[in-house]
2 protein chains.
Amino acid sequence: MNSERGAASSGSPDSHGRFSYFGLDRVLHEKARLGILTSLVSHPEGLLFNDLKQLCSLTDGNLSRHLSVLEEADLIEVWKGVQRGRSQTMYRFTHEGRERFLEYIRVLERVVEDAHAAERQQQENRETLGRGWSPA
Amino acid sequence: MNSERGAASSGSPDSHGRFSYFGLDRVLHEKARLGILTSLVSHPEGLLFNDLKQLCSLTDGNLSRHLSVLEEADLIEVWKGVQRGRSQTMYRFTHEGRERFLEYIRVLERVVEDAHAAERQQQENRETLGRGWSPA
């Protein structure tokens with residue numbers, strides 16, 4: 001960024017796309033799906049529909065819809081089985097899905113680190129505007 | 001969660017809503033807006049439209065749209081000024097917006113920590129399914 005752009009430029013070595021976070025795949029980034037995926041990564045043996053519903057505080061309809069999106073993206077796999085005489089559906093990560101999720105988490109980590117770095121630098125040090133600015 | 005629910009239950013002390021991440025406000029969580037907000041928190045003196053556009057790799061239309069959403073939510077404030085003879089528009093966090101963003105970042109941090117904890121526990125230790133499960 002060119003520091004001649006005015007008082008509002010930072011002069012820091014921020015490059016083009018520095019805050020674009022391309023790795024935040026929207027399939028994984030959506031709030032409810034992020035909860036589902038974090039539940040599943042914490043339960044590699046898989047989770048039943050009702051367990052996911054409770055852990056993520058989702059309705060049947062919402063959970064079903066998001067699980068379909070995740071399955072279509074090959075992030076999770078679905079298993080059917082009979083447990084204690086009842087037909088059950090179980091969900092768990094595919095191998096590739098787990099890798100993609102952990103890649104996504106690394107991008108999320110960069111966002112958190114960027115925000116923390118800014119927080120540390122600015123500790124109660126909010127700058128005043130240069131002359132010539134007024135509320136829009 | 002009740003460990004009697006079957007082989008797919010974890011037995012861990014996961015409570016209702018453990019992975020719901022209520023604090024992930026959708027206004028802040030949307031991918032492009034997250035980039036804009038992280039740019040702004042790193043530049044407390046404010047950023048010009050064109051700087052934001054470059055830092056976040058967004059088109060004029062997309063950037064305008066997301067800035068409007070952020071302004072309507074009182075997360076950012078807009079200033080007009082003349083810099084080097086040109087009319088400019090400058091954006092920066094409101095005080096409350098910065099607080100809300102840092103709260104949001106703390107929730108994001110929990111997501112990252114939850115994923116890391118799972119990653120550490122499972123190091124190449126992917127469990128096989130119990131008997132009675134087949135692909136759906």
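- Contacts with chain B were tallied for A:T38, A:V41, A:V78, A:I105; A:T38 has the most, counting heavy-atom pairs under 4.5 Å.
- Highest contact tally toward chain A, considering only B:L58, B:D25, B:L24, is held by B:L24 [criterion: heavy-atom pairs under 4.5 Å].
- Note: B:H43 and A:F19 have perpendicular aromatic rings, judged against thresholds of 30 and 60 degrees for the angle between ring planes.
- Interface residue A:V82: only backbone heavy atoms are found under 4.5 Å from chain B.
- Residues A:L40 and A:R98 are not in side-chain contact: their nearest non-hydrogen atoms beyond the backbone lie 4.5 Å or more apart.
- No other option in A:I36, A:D114, A:V112 has as many heavy-atom pairs under 4.5 Å with chain B as A:V112.
- Residue contact with chain B, scored on non-hydrogen atoms closer than 4.5 Å, involves the side chain of A:L102 exclusively.
- Between B:L48 and B:Y91 the shortest side-chain heavy-atom distance does not fall below 4.5 Å.
- Among A:S20, A:A32, A:A117, the residue making the largest number of heavy-atom pairs under 4.5 Å with chain B is A:S20.
- In this structure, chain B has no heavy atom under 4.5 Å from any part of A:R86.
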_Set out, in order, the CA-CA distance, both residues' side-chain angles and the distance that settles side chain to side chain contact (heavy atoms under 4.5 Å, CB included) for B:L47 and B:S39, then state yes or no._
CA-CA 8 Å; B:L47 281 169; B:S39 303; 3.8 Å; yes

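- Side chains of A:L70 and A:L37 form a contact here, defined as non-hydrogen atoms less than 4.5 Å apart.
- Between B:K80 and B:T89, the side chains place a donor N or O and an acceptor N or O closer than 3.5 Å (distance only, hydrogens not considered).
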